[in-house]
Amino acid sequence: MDDSSPTDKPLNFIQQVIKDDLQSAVLTEVVTRFPPEPNGYLHIGHAKAICVNFGLAEEFDGICRLRFDDTNPDKESDEFVQAIIEDVRWLGFQWQGEVRYASDYFGQLYDWAVVLVNVGKAYICELTPEQTREYRGSLTAVGKNSPYRDRPASESLALLEQMRTGAIAEGLMTLRAKIDMAAANINLRDPVLYRVKRVPHHRTGSEWSIYPSYDFAHGQEDAIEGVSHSICTLEFADHRPLYEWLIDNLPVPAKPKQYEFGRLNLNYTVTSKRKLRQLVEENIVDGWDDPRMPTLSGLRRRGVSSTAVREFCDSLAVAKTDGTVDMAQLDHFIRHDLNDNAPRAMCVLNPLKVTLTNWAPGQVETLTAACHPNREALGNRELPFGGTLYIDRADFSDDTTLSRKKFKRLVLGQWVRLRSAYVIKADGVVTDESGETIEIIASIVPDTVGENPPEGIKPRGVIHWVSAEHSIDCEVRLYDRLFSEADPDGGGKNFLDCVNPQSLEVLQGCKAEQSLASATPEDHYQFEREGYFCLDSHSSSKDKPVFNRTIGLRDNWQQKK
RNA sequence: UGGGGCGUGGCCAAGUGGUUAAGGCAACGGGUUUUGAUCCCGUCACUCGGAGGUUCGAAUCCUCCCGCCCCAGCCA
């Protein structure tokens with residue numbers, strides 16, 4: 001927390017503020033909060049906010065709460081609340097105390113609204129929504145006062161009470177702060193504090209007919225909870241003066257301060273709840289947790305670990321610039337964690353039969369393979385080896401002119417190493433009527449398991465395989481980026497027009513090694529030479545496993561021309 | 001044309017007047033390798049949006065200019 005810490009990373013501007021506050025004894029405890037609105041699922045951008053808020057609390061020995069900003073029942077639901085709670089847990093964060101809700105404070109907020117009316121700093125306005133907009137003025141023109149601005153407090157109070165009890169229809173009245181209709185900051189032009197919404201709320205039911213606006217709720221909630229540093233994204237910077245005005249004009253128990261940082265943008269995807277919801281509602285994806293979605297539930301279903309998400313977030317800057325991070329940076333952390341921790345296995349995506357002519361019929365040899373090339377602790381697995389195998393179609397060629405450098409796989413008449421097993425030679429092929437290779441006739445080189453082949457036999461490379469008799473059939477889903485454009489909604493484009501038509505490729509009849517039969521959706525595997533995979537949590541069944549490709553292996557071998 | 005915020009290599013980003021402008025991602029060379037993976041080594045900004053100015057000395061201070069983002073919901 002101070003210079004004695006081993007952290008060599010420079011402090012970001014918020015850490016600096018906190019450090020200064022602590023040193024000058026402005027505060028004794030750091031209290032932060034993650035305040036999502038339960039109107040959708042959390043996405044990778046929220047992960048950054050979560051990591052920032054929980055991270056700061058942890059770093060400075062403070063606390064961080066989880067609080068739902070549920071002030072708009074039109075868009076919110078318990079389904080979203082539950083999904084968000086699960087996502088925060090999955091990321092590995094534990095909030096202080098019970099989950100909080102803005103709706104816990106509706107009573108207090110209402111009392112404070114009454115206070116404001118009583119001191120002449122709020123009034124009931126009966127302008128229609130259209131009139132309200134007109135009266136507000138524009139970016140360059142000042143607004144003008146509402147004709148209701150100076151009505152007696154007693155009158156506003158009576159009306160507010162009627163609004164609360166449901167006697168007023170939606171759109172007829174609002175409670176507005178009396179600030180300054182000529183303010184350069186539009187948020188200060190008598191902002192709406194309460195509006196009528198005669199819809200049931202997912203927590204308070206039909207108890208309320210009015211709901212506080214974001215501005216009237218957020219800062220006061222922070223104050224009630226003793227939040228010391230209220231961290232939000234850049235677009236709220238314009239609201240800060242209003243946040244402070246309310247805190248200063250209300251008998252709140254604390255004076256939290258708001259700080260804004262740049263939200264995370266990622267290329268080749270969208271991080272806006274509105275757009276994500278559209279993808280879901282228009283069935284462009286398979287739901288909020290479709291593996292192509294940048295939602296936390298989508299990433300999780302795809303097989304991305306929470307560690308990867310956290311490390312990615314920690315690699316991001318907390319600053320006031322709003323840039324767009326390259327998806328490759330997320331990919332890096334996904335691979336980094338999986339490479340370290342995912343057990344290896346083999347799965348043939350596009351099977352091509354291989355018949356061994358010098359293998360005794362019916363004979364099965366059980367080979368052993370390490371689950372990880374450089375982590376013995378992950379143990380070994382058994383690999384049955386029989387006379388009929390499958391290798392990937394892409395790993396065989398009958399073009400003998402291919403250079404060894406260009407094609408490090410099996411070529412007709414030549415040798416290749418089967419990973420963790422024998423070296424084999426392709427002696428011939430069987431083709432169908434159309435001339436396509438449907439089977440390879442091959443032979444093993446004896447005594448080559450874990451041993452180099454005799455002089456003169458030079459395998460071109462190492463390929464993965466599976467024993468036909470012992471493999472299990474499975475479906476494999478290969479995912480690609482959801483959008484084919486780096487900036488799907490830039491330059492006046494409609495992001496829906498940029499959806500990548502090849503973002504999902506489904507492979508049937510894939511052959512996985514036996515050990516994969518016991519996979520669960522929580523397990524992550526590396527299918528050697530292919531990438532990282534996990535069992536799909538929705539579509540898999542005992543007799544038909546479905547694997548999602550989390551991400552492919554890095555592929556550096558650009559063909560040279 | 002009002003207000004707020006921001007501009008450092010392809011991307012993200014340290015840097016808050018003083019030797020050769022951190023680091024990560026990407027890219028590109030090379031080494032190791034029974035995964036074309038991992039790992040390892042190396043290369044990659046005479047320059048900090050632009051132009052002036054202050055100073056012995058500036059990405060860091062001043063002036064003007066240019067560009068980008070956000071704000072006119074009874075959304076958050």
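Residue numbers start from 1 in every chain, and the chains themselves are labelled A, B, ... in the order their sequence lines are given, proteins ahead of strands. In this text, all values refer to a predicted model and were calculated from it rather than measured experimentally.
The residue among A/E235 and A/Q16 whose nearest nucleotide of RNA chain B is located toward the 5' end is A/Q16. Both A/G323 and A/K320 lie close to RNA chain B; mapped to their nearest nucleotides by heavy-atom distance, the more 5′-ward contact belongs to A/K320.
Here the nucleotide nearest the side chain of A/A317, chosen from B/C25, B/G36, B/A13, is B/A13. Of the candidate nucleotides B/G36, B/A37, B/A13, B/G36 has the atom nearest to the side chain of A/K408. Here B/C74 is the nucleotide among B/C74, B/G36, B/U34 with the atom lying nearest to any side-chain atom of A/T174. Among the nucleotides B/U35, B/A27, B/A14, the one closest to the side chain of A/A319 is B/A14. In this structure, the nucleotide among B/A37, B/G5, B/A14 sitting nearest to the side chain of A/L234 is B/G5. When the nucleotides B/U35, B/A26, B/U38 are ranked by their closest atom to the side chain of A/A328, B/A26 comes out on top.
Atom CG of A/D78 sits about 9.0 Å away from atom CZ of A/R203, to the nearest 0.5 Å.
For A/R375 and A/N341, the side-chain atoms include at least one donor-acceptor pair closer than 3.5 Å. Side-chain contact check for A/H218 and A/R33: at least one donor-acceptor pair (N or O, by modelled atom type) lies under 3.5 Å. For the residue pair A/D70 / A/S103, a side-chain donor-acceptor distance below 3.5 Å is found, with atom types taken as modelled. Judged by distance alone, the side chains of A/D337 and A/S305 do bring a donor and an acceptor atom under 3.5 Å apart. For the 3.5 Å distance criterion, the side chains of A/Y422 and A/E365 qualify, holding a donor opposite an acceptor. With 3.5 Å as the limit, one finds no donor-acceptor pair spanning the side chains of A/Y211 and A/D74.
Between the base of B/U35 and the side chain of A/E530 there is no donor-acceptor pair shorter than 3.5 Å. Taking only distance into account, the side chain of A/D238 meets the base of B/G3 through a donor-acceptor pair shorter than 3.5 Å. Scanning atom types as modelled, no donor and acceptor separated by under 3.5 angstrom connect the side chain of A/R133 and the base of B/G73. Between the side chain of A/Q329 and the base of B/G24 there is at least one donor-acceptor pair of N/O atoms closer than 3.5 Å. Between the side chain of A/R344 and the base of B/U35, a donor-acceptor pair under 3.5 Å is found.
Nucleic acid contact class of A/K197 (heavy atoms, under 4.0 Å, all strands): sugar-phosphate only. Using a 4.0 Å heavy-atom distance criterion, A/R409 is classed as a base contact. Within the nucleic acid shown, A/V416 has no heavy atom closer than 4.0 Å to any nucleic acid atom. Counting non-hydrogen atoms under 4.0 angstrom, A/L127 reaches a base of the nucleic acid. Across all strands, A/Q526 comes closer than 4.0 Å to base atoms (heavy-atom distances). Using a 4.0 Å heavy-atom distance criterion, A/R419 is classed as a base contact. Residue A/G262 is out of contact with every strand shown, counting any heavy-atom pair closer than 4.0 Å. As judged by a 4.0 angstrom heavy-atom cut-off over every strand, A/F236 is placed among the base-contacting residues. Within the 4.0 angstrom heavy-atom criterion, base atoms lie near A/E451. Note on A/R554: only backbone sugar-phosphate atoms sit closer than 4.0 angstrom, heavy atoms only; bases stay farther off. Within the 4.0 angstrom heavy-atom criterion, base atoms lie near A/H239. Here A/N374 lies in heavy-atom contact (under 4.0 Å) with a base. If you check every strand for non-hydrogen atoms under 4.0 Å, A/P459 touches nothing. Counting non-hydrogen atoms under 4.0 angstrom, A/S213 reaches the backbone sugars and phosphates but no base.
As a whole-Å value, the separation of A/I457 CD1 from B/U34 P is 17 Å. Nucleotide B/G3 holds its P atom 23 Å from the CH2 atom of A/W245, rounded to whole Å.
A 3.5 Å limit on both hydrogen-bonding distances identifies B/U43 as the Watson-Crick or G-U partner of B/A27. Checking B/C61 for Watson-Crick or G-U wobble geometry (two distances, each under 3.5 Å) identifies B/G53 as its partner. Across all strands shown, B/G67 pairs with B/C6; the Watson-Crick or G-U wobble distances both stay below 3.5 Å. When Watson-Crick and G-U wobble pairs are counted only if both distances are under 3.5 Å, B/G36 pairs with no nucleotide at all.
Comparing B/G18 with B/A58, their P atoms sit 11 Å apart, to the nearest whole Å. Atom name C1', nucleotides B/U47 and B/C64: the rounded distance is 23 Å, in whole Å. When the P atom is used for both B/A21 and B/G9, the distance is 15 Å, rounded to whole Å. Rounded to the nearest Å, the gap between the C1' atom of B/G4 and that of B/A72 is 14 Å. Rounded to the nearest Å, the gap between the P atom of B/C61 and that of B/G15 is 13 Å. Taking atom P in both B/G50 and B/C11, the straight-line distance is 15 Å, to the nearest Å. The separation of B/U55 from B/U60, taken at their C1' atoms, amounts to 13 Å, rounded to a whole angstrom. Between B/A26 and B/A37, the distance separating the two P atoms is 13 Å to the nearest Å.
Of the residues A/V196, A/V117, A/I210, the one that meets the side chain to side chain contact (heavy atoms under 4.5 Å, CB included) test with A/L175 is A/V117.
For B/C69, the OP1/OP2 oxygens have no side-chain nitrogen or oxygen of A/R263 closer than 4.0 Å. Under 4.0 angstrom from either OP1 or OP2 of B/G36 there lies no side-chain N or O belonging to A/K406. Side-chain N/O atoms of A/R195 include one lying less than 4.0 angstrom from OP1 or OP2 on B/C75. Here A/R404 does not reach the OP1 or OP2 of B/G36: none of its side-chain N or O atoms lies under 4.0 Å away. When the side-chain nitrogen and oxygen atoms of A/R335 are compared with OP1 and OP2 of B/U38, none of them lie within a distance under 4.0 Å. For A/H332, a side-chain nitrogen or oxygen approaches OP1 or OP2 of B/C25 to under 4.0 Å. Residue A/S138 places no side-chain N or O under 4.0 Å from the OP1 or OP2 atom of B/G2.
Per the stacking criterion (ring centres < 5.5 Å, plane angle < 30°), A/Y214 does not stack onto the base of B/A76.
Anti is the classification of B/G24, since its glycosidic angle lies more than 90° from 0.
More than 12 heavy atoms of other residues, nucleotides or ligands shown are found within 6.0 angstrom of CD on A/E79. More than 12 heavy-atom neighbours from other residues, nucleotides or ligands sit within 6.0 angstrom of NZ on A/K273.
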